[in-house]
Amino acid sequence: MSVTSTGRAVWHRRAGLLPAAYLAALVLLAFVHPFLPAWRWLAIHLLLLGAATNAILVWSAHFTAAVLRVPAPPHRRAEISRLALLNAGVVAVLAGGTADRPWLGVAGAAAVFAAVTAHLAWLAARLRSSLPARFAVTAHYYLAAAVALLTGIPAGAWMLVADAPVRSRILLFHAHVNLLGWIMLTVLGTILTLWPTVLRTRMDPAAVAASRTSLRTAVGGLGLIALGVLAWWPLVAVAGLLVFATAVLVTALPAARAARQKPPESFAAWSIAAGAAWLAVALAVDAATLLRAAGPDAAADSFGAVLTPLLVGSVAQILLGALTYLLPMALGGGPVRVRERTAALDRRWPQRLAMTNAALIVFLLPVGPYVRITTSLLLLAALVQFLLPAARLLLLDRR
């Protein structure tokens with residue numbers, strides 16, 4: 001990226017290629033995974049550390065500047081440096097974990113840690129220097145999310161080089177803090193302003209107050225979860241999950257009232273809504289898994305039952321829904337061009353949405369291997385149906 005590129009459209013066109021590239025790598029992985037023993041670990045980190053984390057760094061900075069009314073920067077050098085450091089670290093983590101080069105992975109984790117620390121410092125500086133703003137709570141969500149990731153990264157790096165009796169507890173801590181902290185806190189904070197905008201309706205009057213309450217509740221729940229899995233007090237961890245689910249519900253209620261005023265009618269809206277529903281499913285499965293587990297090893301072995309609805313059902317659908325709405329808007333060109341781009345990304349959206357969620361439901365049932373392969377291919381096809389028009393928009397649409 002050129003450090004002299006200051007135009008919003010140019011910036012988002014280039015920055016948007018980063019999450020798209022990691023999603024494309026997921027498609028490639030689907031074809032070569034029989035040759036990679038660690039393919040499941042690689043797939044998880046391509047989605048979360050690659051696609052989602054890049055999207056979060058780019059768009060949390062965008063939303064923070066918008067809600068705090070921060071002037072446009074004279075250049076993007078600092079943001080480009082953070083993204084370059086982040087992706088150098090991500091590539092090193094992926095290479096180290098896949099090729100059994102643990103210290104390469106640790107070095108990559110250190111680079112990711114440094115990039116997120118710089119992002120956290122930028123967020124804090126914007127909050128300190130800005131005037132009071134109605135939606136400043138969104139930036140506070142991003143701060144809390146970044147702290148959660150910075151807590152979870154050392155745990156992930158430790159697992160690359162150590163194999164101790166407490167490994168299962170560290171794995172559960174790493175997974176919960178990163179998924180519910182880094183990813184879902186960011187989602188909850190962004191939904192405040194993004195959801196009514198996607199619906200093209202007014203924000204519910206209670207949404208801001210609900211968002212403030214939800215942040216305190218979610219952070220408290222996350223703390224209980226972290227303590228519960230580290231000490232292996234499953235009842236404490238499940239209590240934390242219930243508190244976190246309460247925070248999600250507090251945010252969902254004003255969002256649901258906004259949807260009653262203007263029902264969802266686009267892929268972005270329905271994909272985000274479906275992702276929220278799958279989050280509730282994943283939290284319920286997580287609680288049941290922890291309660292049934294005989295110990296942390298059994299809980300870690302069973303965590304795959306949580307990951308599928310959480311990653312595919314919730315994280316991936318929310319990410320694709322948000323990008324479908326945000327990219328056409330960020331690339332500008334006037335209302336007509338925005339509508340044309342949105343229509344291109346929305347093409348066949350009812351089929352894509354129905355296919356994704358039906359395939360995921362069947363995949364989670366006790367079915368045979370051939371049915372699982374078929375449903376996996378349907379999920380992959382839905383991802384490709386997003387990536388192809390997104391690639392055309394980012395690479396070829398210069399008008």
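Residue-environment remark: CZ (R257) exceeds the threshold of 12 foreign heavy atoms within 6.0 Å. Residue-environment remark: CH2 (W103) stays at or below the threshold of 12 foreign heavy atoms within 6.0 Å. Counting heavy-atom neighbours within 6.0 Å of W59 CH2, excluding the residue itself, gives a total above 12.
Residues S266 and Y325 fail the side-chain proximity criterion, which asks for heavy atoms closer than 4.5 Å. You'll find the side chain of P37 stays beyond 4.5 Å of the side chain of W39, heavy atoms only. Under the 4.5 Å side-chain criterion, counting only non-hydrogen atoms from C-beta, F135 is not in contact with L68. Put simply, the side chain of I318 does not reach to within 4.5 Å of the side chain of S271, judged on heavy atoms. You'll find the side chain of V248 stays beyond 4.5 Å of the side chain of M184, heavy atoms only. Proximity of W158 to I170: side-chain heavy atoms (C-beta onward) are separated by under 4.5 Å at one or more points. S60 has its side chain out of reach of Y141: every pair of non-hydrogen atoms, C-beta onward, lies at least 4.5 Å apart. In this structure, the side chains of L185 and L180 stay at 4.5 Å or more apart for every pair of heavy atoms.
Shown here for L215 and A144, the closest heavy-atom pair between the two residues is CD1-CB, 4.2 Å. Contact record, A359 with L378: CB-CB, 4.0 Å, taken as the closest heavy-atom pair. Between A175 and F303, the shortest heavy-atom distance links the atoms CB-CE2, 3.6 Å. Of all heavy-atom pairs between G16 and L394, the closest is O-CD1, 3.6 Å. Minimum heavy-atom separation, A133 to V67: CB-O, 3.3 Å. T138 and L192 get closest at one heavy-atom pair: OG1-CD2, 3.7 Å.
With hydrogens and angles disregarded, no donor-acceptor distance shorter than 3.5 Å links the side chain of H12 to the backbone of A9. Counting only distance, with no hydrogens or angles, the side chain of W182 and the backbone of A148 share no donor-acceptor pair below 3.5 Å. With hydrogens and angles disregarded, no donor-acceptor distance shorter than 3.5 Å links the side chain of W278 to the backbone of V312. Side chain of T375 to backbone of R372: a donor-acceptor contact under 3.5 angstrom is found. Without hydrogens or angle criteria, R167 side chain to A162 main chain gives a donor-acceptor distance under 3.5 Å. S314 places a side-chain N or O within donor-acceptor distance of the main-chain N or O of G275, the cut-off being under 3.5 Å. Using modelled atom types, no side-chain atom of H119 and backbone atom of A115 make a donor-acceptor pair closer than 3.5 Å. R260 places no side-chain N or O within 3.5 Å of a backbone atom of A255 that could act as its donor or acceptor partner. Listed for the H174 side chain is a donor-acceptor partner under 3.5 Å among the backbone atoms of G152. No side-chain donor-acceptor contact under 3.5 Å links T201 to the backbone of T197.
One hydrophobic cluster, built from ILVMFWY side chains closer than 4.5 Å, cannot hold both V250 and L241; they sit in different ones. Note: the hydrophobic cluster containing M355 does not contain L379 (ILVMFWY, side chain heavy atoms under 4.5 Å, direct or indirect links). No continuous path of hydrophobic side-chain contacts links Y370 to L365 [ILVMFWY only; heavy atoms under 4.5 Å]. Under the 4.5 Å side-chain heavy-atom criterion for Ile, Leu, Val, Met, Phe, Trp and Tyr, L57 and L85 are members of distinct hydrophobic clusters. Note: the hydrophobic cluster containing L327 does not contain V336 (ILVMFWY, side chain heavy atoms under 4.5 Å, direct or indirect links).
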field: Steps toward side chain to side chain contact (heavy atoms under 4.5 Å, CB included) verdict (I183, N178)
entry: CA-CA 7 Å; I183 305 293; N178 285 359; over 6 Å; no

message: Does Y142 form a side-chain hydrogen bond (donor to acceptor under 3.5 Å, both in side chains) with T190? I'd like the steps, not just the answer.
response: CA-CA 9 Å; Y142 298 155; T190 304; 2.7 Å; yes

- prompt: Hey, mind stepping through H62 and W11 against side chain to side chain contact (heavy atoms under 4.5 Å, CB included) and telling me if it holds?
  reply: CA-CA 11 Å; H62 172 86; W11 167 249; over 6 Å; no

- request: For side chain to side chain contact (heavy atoms under 4.5 Å, CB included), just list the numbers for V93 and V106, CA-CA rounded to whole Å, side-chain angles, deciding distance to a tenth of an Å, and then say yes or no.
  value: CA-CA 7 Å; V93 169; V106 170; over 6 Å; no

field: CA sep, side-chain torsions, deciding dist, call: T53, V90, side chain to side chain contact (heavy atoms under 4.5 Å, CB included)
entry: CA-CA 10 Å; T53 297; V90 170; 5.8 Å; no

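One finds the CZ atom of F173 at 6.0 Å from the OG1 atom of T151 (value rounded to the nearest 0.5 Å). Atoms CZ and OG1, from R341 and T324 in turn, are 14.0 Å apart once rounded to the nearest 0.5 Å. Annotation: the span from L319 atom CG to L47 atom CG amounts to 7.0 Å, rounded to 0.5 Å. In this structure, OG1 on T186 lies 11.5 Å from CD1 on I191, to the nearest 0.5 angstrom. Atom CG of L320 is separated from atom OG1 of T356 by 8.0 Å, given to the nearest 0.5 angstrom. With rounding to the nearest 0.5 angstrom, the CG atom of L310 is 8.0 Å from the CG atom of D286.
Judged purely by distance below 3.5 Å, without hydrogens or angles, the side chains of T251 and S214 pair a donor atom with an acceptor atom. Inspection of the Y22 and N87 side chains reveals an N or O donor paired with an N or O acceptor under 3.5 Å. A side-chain N or O of S168 and one of D297 form a donor-acceptor pair less than 3.5 Å apart. When only modelled atom types and interatomic distance are considered, N357 and Q317 share a side-chain donor-acceptor pair under 3.5 Å.
Geometrically, R352 does not engage F386 in a cation-pi contact, judged by NZ or CZ lying under 6.0 Å from the ring centre and within 45° of the ring axis.
For S211, the side chain to side chain donor-acceptor pair (under 3.5 Å) criterion is met by no residue, not counting sequence neighbours. By the side chain to side chain donor-acceptor pair (under 3.5 Å) test, D100 pairs with no residue at all, sequence neighbours left out.
Under the 4.5 angstrom side-chain criterion for Ile, Leu, Val, Met, Phe, Trp and Tyr, the cluster partners of L227 are L224, W233, V236, V243.
Checked against L179 for a side-chain contact (heavy atoms from CB on, under 4.5 Å), the options V306, L279, L307 give a single hit: L307.
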